[in-house]
Amino acid sequence: MAAYWLVKSEPFKYSWDQFVKDGQTFWDGVRNYQARNNLRGMKKGDLVFFYHSNEGLEIVGIAKVVKEAYQDPTTDDTNWVVVDLKPVKKLPKPVTLAQMKADIRLEKLGLIKQGRLSVSSVTVEEWGVIEEMAGF
DNA sequence: GCCAACGTTGGC
DNA sequence: GCCAACGTTGGC
């Protein structure tokens, strides 16, 4: 069964639109062990919310894991890995951080509990709640 | 631009 | 191995 995740990106660095234009990307730049462990936990076919930090502060789309963790090509340090992600679809309505914070069902969401973590896991329940908010 | 949260580093 | 100092992230 597929698992669910959430990744954050600063739009000026790598936005959803850029992601869609590229068609696929490797998720690099993770330099935090907890986030790294989450990357390693991703399996092919898992779904990933794409969140814009700093600007927007909202989940804008859904991506899919197309290749599981492998050595980060941007460094020789074997501590770090990347995964390949592909855009699946844009949310009908973006879901903002404020909306998520306001919903009691999402109080345990990694994004809210640990705002600085760039890759976090999302439970099936949380995924469902957010999809509902997004207008699916 | 400020500040809180939190991870990392380094002295002991 | 503890803990203070420091750096970074990200919301506001």
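Reminder, nothing fancy here: chain letters follow the sequence lines and each chain counts from 1. Values below: every heavy atom of this structure, side chains too, minus hydrogens, waters and symmetry copies.
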For the residue pair Glu58(A) / Gln99(A), report whether a side-chain donor-acceptor contact shorter than 3.5 Å exists.
no
I'd like to know if the side chain of Trp5(A) pairs up with that of Asn38(A) as donor and acceptor (distance under 3.5 Å, no hydrogens or angles considered).
no
Salt bridge or not between Arg31(A) and Asp77(A)? Use side-chain N to carboxylate O under 4.0 Å.
no
Do Glu125(A) and Lys108(A) meet the salt-bridge criterion of a basic N to acidic O distance under 4.0 Å?
no
Does the ring centre of Tyr70(A) sit less than 6.0 Å away from the ring centre of Trp80(A)?
no
Aromatic centroids of Trp27(A) and Phe50(A) separated by under 6.0 Å:
yes
Which residues satisfy the side chain to side chain donor-acceptor pair (under 3.5 Å) test with Asp76(A), sequence neighbours excluded?
none
Using a heavy-atom cut-off of under 4.0 Å over every strand shown, decide if Leu117(A) touches base, sugar-phosphate, or nothing.
nothing
The first and last nucleotides of DNA chain C lying within contact of chain A, meaning any atom under 4.0 Å from one of its heavy atoms, run from dG7(C) to dC12(C)
Establish, yes or no, whether the cationic atom of Lys21(A) lies under 6.0 Å from the six-membered ring centre of Phe19(A) and within 45° of the ring axis.
no
Axis deviation across the helix from dG1(B)-dC12(C) to dC12(B)-dG1(C), five-pair ends, to the nearest 10°
10°
